[in-house]
Chemist: 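I have a structure I would like to understand better, so I am pasting it below and will then ask my questions one at a time.
FYI, side chains are in, hydrogens and waters are out, and symmetry mates aren't considered; it's all heavy atoms of this structure.
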Amino acid sequence: MSEQISTQPSWPFREAERVAARLKQKGKTEALFETGYGPSGLPHIGTFGEVARTSWVRKAFTDLTGLPSRLLAFSDDMDGLRKIPDNVPNKEMLKHHLGKPLTKVPDPFGKFESFGEHNNNMLQDFLNEFGFEFEFASSSDYYASGRFDNALLHVLAHHDAIVEIIRPSLGPERRASYSPILPIHPRTGIVMQVPIDQVDVEHGTVFWTDPDTNTKYETAVTGGAAKLQWKADWAMRWHALDVDYEMSGKDLIDSVKLSSAIVRALGTEPPVCLTYELFLDDKGQKISKSKGNGLSVEQWLTYAPKESLGQFMYHAPQRAKRLFFDVIPRATDDYIAAVAALPTAEKPHENPAWHIHGGELPEHAGSPIGFTMLLNLASVINADSPEMLWGFIRAYIPGANAETYPFLARLVHHAIVYNRDFVAPKKQFRAPGEVERGALLDLAESLKANEMVQYPGATPAEQLQNLVYAIGKRHPFAPLKSWFDCLYQVLLGQVEGPRFGGFIALYGIERTIALVETALARSVEAA
RNA sequence: GAGCCUGUAGCUCAGUGGUAGAGCAUUCGACUUUUAAUCGAAUGGCCGUGGGUUCGACCCCCACCGGGCUCACCA
């Protein structure tokens with residue numbers, strides 16, 4: 001293997017170059033990209049990352065070579081159900097199906113023919129939600145349809161060589177019993193991990209013994225009567241489908257090595273592989289679904305647009321990254337900056353937005369205001385409706401609205417949710433003192449009496465500001481600033497706040513009165 | 001035991017073989033009938049340590065030290 005020094009600066013293009021070299025060497029004119037899915041879990045943030053990154057390499061490949069390609073999303077749904085997942089109903093029912101292929105286990109959710117089909121549908125819905133272009137493939141279908149038969153017979157012919165490859169990696173107990181071929185028990189339907197007594201290459205069968213009954217069986221390796229242990233399965237798939245590219249997490253480094261050795265034993269060069277680093281939580285621990293640490297896709301999409309998740313996944317896949325709430329605003333602003341830079345970029349291929357949007361920005365992409373700024377603004381004015389934020393936004397971008405700035409509109413939505421969930425709950429509402437109480441009552445009464453009409457010739461916000469200011473003056477505040485401190489701390493629960501007249505104008509007079517009365521009532525209860 | 005990532009400003013992190021960068025934090029200033037948002041500026045770094053390659057190294061190579069992860073049953 002001669003690794004040429006790449007002329008491509010961005011990693012998707014560097015990867016695409018490697019794929020192109022492989023195709024050239026093999027004389028192929030179409031590239032097959034694969035992403036694989038374990039059967040155990042539902043789609044998660046790593047799934048998104050893997051498909052997004054693979055899609056970027058694929059797009060770069062197209063751009064580089066002009067050759068056609070496919071992305072196969074392969075579900076290993078023939079794998080046996082090993083343990084009952086925590087997050088599913090009907091656990092009792094599932095107990096009776098342990099060890100069977102997932103596509104033979106009834107759907108605990110009762111929506112599909114099998115648990116495997118359920119997971120497959122979740123996966124496809126998940127990928128479609130992001131607009132990925134892919135072909136779905138079910139391992140069970142491939143096995144049952146005979147599509148793997150030739151490759152399986154090929155594996156059988158190399159059975160001993162494969163055993164020798166895997167054996168050194170196993171502990172002493174497994175070493176004795178290992179075989180890459182797992183027959184499906186003809187009576188119980190369970191995927192059997194048993195020693196293979198004998199291999200009959202000519203007839204395409206294996207002989208094995210049921211450890212419970214001591215019954216001897218002969219099982220065909222073809223047609224779905226048996227499946228392969230996973231590392232051999234991976235290698236067989238590479239061989240059978242002639243996969244050109246597949247990436248995987250660093251936890252699979254050893255598997256990639258072994259599967260590569262196996263596929264070579266089968267006479268096929270392994271695909272171009274990329275190992276990416278895993279995601280860590282804020283404390284540097286590996287993110288795992290069972291621990292529930294880190295961030296879920298749902299959480300990310302609650303607080304920021306999906307494009308920002310792409311931005312996060314784009315940067316340096318081979319570097320470990322912490323994935324927790326604090327990275328969301330930055331990823332979003334990085335994305336916004338990338339979009340802004342793309343139209344005039346000298347090297348667009350180095351711009352994440354080019355990859356995220358498949359080479360072409362959609363109309364009205366990007367935002368004239370950063371997400372961090374919006375979050376600050378939402379916090380300061382305690383925004384709980386989009387219109388409140390738009391009111392302030394228009395002070396800087398006259399006429400801005402959701403139609404002219406659709407992406408900004410999405411950011412506004414997320415900023416409000418972020419404020420509601422993270423900022424608002426932490427607010428500390430102070431009880432008003434004697435003087436403050438009087439002034440606040442005065443404010444509520446004055447607002448009810450519509451007193452700001454006494455200051456004509458100004459905008460409503462200015463009139464309201466005048467009113468607030470006048471109230472502060474006719475109560476013994478020293479200095480006057482403490483009156484405004486009182487408003488922020490007692491009414492909004494924060495140390496600092498917006499210009500209050502403008503706030504009332506946007507928040508609404510009735511609602512402001514209610515806010516004052518709530519604060520006064522709260523302090524009475526506390527006392 | 002094997003493998004991988006990582007060490008750059010107070011914090012979180014970018015970075016290219018050619019004079020060290022951003023955001024936040026800090027300080028100052030501008031705007032504001034009080035603030036805040038915002039805008040402008042400043043402060044701040046033997047780029048982990050020691051060698052090597054090079055005209056030149058934060059970058060490439062080696063060693064060491066520190067931080068962390070993954071695999072060592074299953075997938």
Chemist: Tell me whether the side-chain N/O atoms of A:Gln229 come closer than 4.0 Å to OP1 or OP2 in B:rA75.
Modeler: yes

Chemist: Less than 4.0 angstrom between a side-chain N/O of A:Arg319 and OP1 or OP2 of B:rG15, yes or no?
Modeler: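 Checking B:rG15 against A:Arg319, a side-chain N or O does come within under 4.0 Å of OP1 or OP2.
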
Chemist: Given the ring of A:Phe279, does A:Arg322 sit roughly above its face, with NZ or CZ under 6.0 Å from the centre of the six-membered ring and within 45° of the axis?
Modeler: no

Chemist: Determine the interatomic distance between C1' on B:rG40 and the same-named atom on B:rC55; round to the nearest Å.
Modeler: 41 Å

Chemist: When the distance from CZ of A:Phe477 to P of B:rU34 is rounded to whole Å, what number comes out?
Modeler: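 Taking CZ of A:Phe477 and P of B:rU34, I get 17 Å after rounding.
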
Chemist: Are OP1 or OP2 of B:rC5 and a side-chain N or O of A:Arg322 less than 4.0 angstrom apart?
Modeler: no

Chemist: Using the P atoms only, state how far B:rC31 lies from B:rC46, rounded to an integer number of Å.
Modeler: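 It comes out at 37 Å once rounded to the nearest Å.
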
Chemist: Rounded at 0.5 Å granularity, tell me how far CG in A:Leu323 sits from CD1 in A:Ile45.
Modeler: 4.5 Å

Chemist: Quick one: A:Leu170 CG to B:rC71 P, roughly how many Å, whole number?
Modeler: 16 Å

Chemist: Over how many whole Å does the gap from A:Glu277 atom CD to B:rC71 atom C1' extend?
Modeler: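 In whole Å, B:rC71 C1' lies 13 Å from A:Glu277 CD.
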
Chemist: Using a heavy-atom cut-off of 4.0 Å across all strands, would you classify A:Gln318 as base, sugar-phosphate, or nothing?
Modeler: sugar-phosphate

Chemist: With rounding to the closest Å, how many angstrom separate the C1' atoms on B:rU53 and B:rA63?
Modeler: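 About 15 Å, rounded to a whole number of Å.
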
Chemist: Using a 4.0 Å heavy-atom cut-off, does A:Leu252 contact any base of the nucleic acid, only the sugar-phosphate backbone, or nothing at all?
Modeler: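 Base contact - A:Leu252 has a heavy atom under 4.0 Å of at least one base atom.
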
Chemist: A:Arg330 side chain N/O closer than 4.0 Å to the phosphate oxygens (OP1, OP2) of B:rC13?
Modeler: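 For B:rC13, OP1/OP2 do not have a side-chain N/O of A:Arg330 under 4.0 Å.
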
Chemist: For the C1' atoms, the ones on B:rA30 and on B:rC47, what distance do you get once it is rounded to whole angstrom?
Modeler: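 Between the two C1' atoms, the distance is 35 Å.
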
Chemist: What nucleic acid atoms does A:Asp76 come within less than 4.0 Å of, heavy atoms only: base, sugar-phosphate, or nothing?
Modeler: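 A:Asp76: backbone/sugar contact only, no base atoms under 4.0 Å.
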
Chemist: Under 4.0 Å between a Lys/Arg side-chain N and an Asp/Glu carboxylate O for A:Lys250 and A:Glu277?
Modeler: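 Between A:Glu277 and A:Lys250 there is a salt bridge, with a charged N closer than 4.0 Å to a carboxylate O.
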
Chemist: Given that A:Tyr178 and A:Lys250 both sit by RNA chain B, which one's nearest nucleotide is further toward the 5' end?
Modeler: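 Looking at the nearest nucleotide for each, A:Lys250 comes out on the 5' side.
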
Chemist: State whether A:Arg167 and A:Glu164 are salt-bridged, where the test is any N-O pair (Lys NZ or Arg NE/NH1/NH2 against Asp/Glu carboxylate O) under 4.0 Å.
Modeler: yes

Chemist: Between B:rC5, B:rA75, B:rG3, which one does the side chain of A:Ile253 approach most closely?
Modeler: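 Out of B:rC5, B:rA75, B:rG3, the nucleotide with an atom closest to A:Ile253's side chain is B:rG3.
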
Chemist: Using the benzene-type ring in the case of Trp, are the ring centres of A:Trp483 and A:Tyr469 under 6.0 Å apart?
Modeler: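 No; A:Tyr469 has its ring centre 6.0 Å or more from that of A:Trp483.
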
Chemist: What's the gap between B:rU26 and B:rC59 when it is taken at their P atoms, as a whole Å value?
Modeler: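 Rounded to whole Å, the distance is 33 Å.
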
Chemist: Give, for atom CZ of A:Arg394 and atom CG of A:Leu389, the distance between the pair rounded to the nearest 0.5 Å.
Modeler: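 One finds 10.5 Å between CZ of A:Arg394 and CG of A:Leu389.
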
Chemist: Under the criterion ring-ring contact (aromatic ring centres under 6.0 Å, His included), which of A:Phe136, A:Tyr142, A:Tyr37 is the partner of A:Phe74?
Modeler: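 Result: among A:Phe136, A:Tyr142, A:Tyr37, A:Tyr142 is the only option passing the ring-ring contact (aromatic ring centres under 6.0 Å, His included) with A:Phe74.
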
Chemist: Using a distance-only test with no angle check, is there a side-chain donor-acceptor pair under 3.5 angstrom linking A:Ser296 and A:His44?
Modeler: no

Chemist: Rounded to the Å, how far apart are A:Trp483 CH2 and B:rU35 C1'?
Modeler: 14 Å

Chemist: When the distance from OH of A:Tyr469 to P of B:rA36 is rounded to whole Å, what number comes out?
Modeler: 15 Å

Chemist: Could a donor-acceptor pair under 3.5 angstrom be found where the side chain of A:Gln465 meets the base of B:rU34?
Modeler: yes

Chemist: Give me the distance, rounded to whole Å, that separates B:rU8 from B:rC28 when you measure between the C1' atoms they each carry.
Modeler: 27 Å

Chemist: Look at the aromatic rings of A:Tyr314 and A:Trp11 and report parallel, tilted or perpendicular, splitting at 30° and 60°.
Modeler: tilted

Chemist: Counting only non-hydrogen atoms, which of residues 368-382 of chain A are less than 4.0 Å from RNA chain B?
Modeler: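 Of all residues in residues 368-382 of chain A, the ones placing a heavy atom under 4.0 Å from RNA chain B are A:Met373, A:Asn376, A:Leu377, A:Val380.
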
Chemist: Whole-Å distance between B:rC11 C1' and A:Phe324 CZ?
Modeler: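 In whole Å, B:rC11 C1' lies 11 Å from A:Phe324 CZ.
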
Chemist: Rounded to the nearest 0.5 Å, how far does CE of A:Met388 lie from CZ of A:Arg511?
Modeler: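 Here the rounded value is 6.5 Å.
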
Chemist: Go through the structure and list residues passing side-chain contact (heavy atoms from CB on, under 4.5 Å) with A:Ala235, not counting sequence neighbours.
Modeler: A:Ser259, A:Ile262, A:Val263

Chemist: Once you round it to whole Å, what is the distance between C1' of B:rU34 and NZ of A:Lys473?
Modeler: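 Answer to the nearest Å: 11 Å.
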
Chemist: Start at the 5' end of RNA chain B and walk down; is the nucleotide closest to A:Leu182 or to A:Asp485 reached first?
Modeler: A:Asp485

Chemist: Mind checking A:Tyr488 for me? I need base, sugar-phosphate or nothing, with any heavy atom below 4.0 Å counting as a touch.
Modeler: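 The answer is base, as A:Tyr488 lies within the cut-off (heavy atoms under 4.0 Å) of a base atom.
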
Chemist: When you check the gap from the basic side-chain N to the acidic O, do A:Arg18 and A:Glu15 get nearer than 4.0 Å?
Modeler: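 A salt bridge is present here (some side-chain N lies under 4.0 Å from a carboxylate O).
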
Chemist: Using atom OH of A:Tyr276 as one end and atom P of B:rC71 as the other, report the distance to the nearest whole Å.
Modeler: 13 Å

Chemist: Between B:rA36 and B:rU12, how far apart are the C1' atoms? Round to whole Å, please.
Modeler: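 My reading of the C1' atoms in B:rU12 and B:rA36 gives 25 Å.
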
Chemist: Take atom P in B:rU43 and the same atom in B:rG23, then report the distance between them in whole Å.
Modeler: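 Here B:rU43 and B:rG23 have their P atoms 15 Å from each other.
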
Chemist: Could you check whether A:Asp333 gets within reach of a base, just the sugar-phosphate, or nothing at all, counting any heavy atom under 4.0 Å?
Modeler: nothing

Chemist: Please, what dot-bracket string fits RNA chain B when only Watson-Crick and G-U pairs with both distances under 3.5 Å count, crossing ones use [ ] and pairs to another strand use |?
Modeler: (((((((..((((....[..)))).(((((.......))))).....(((((..]....))))))))))))....

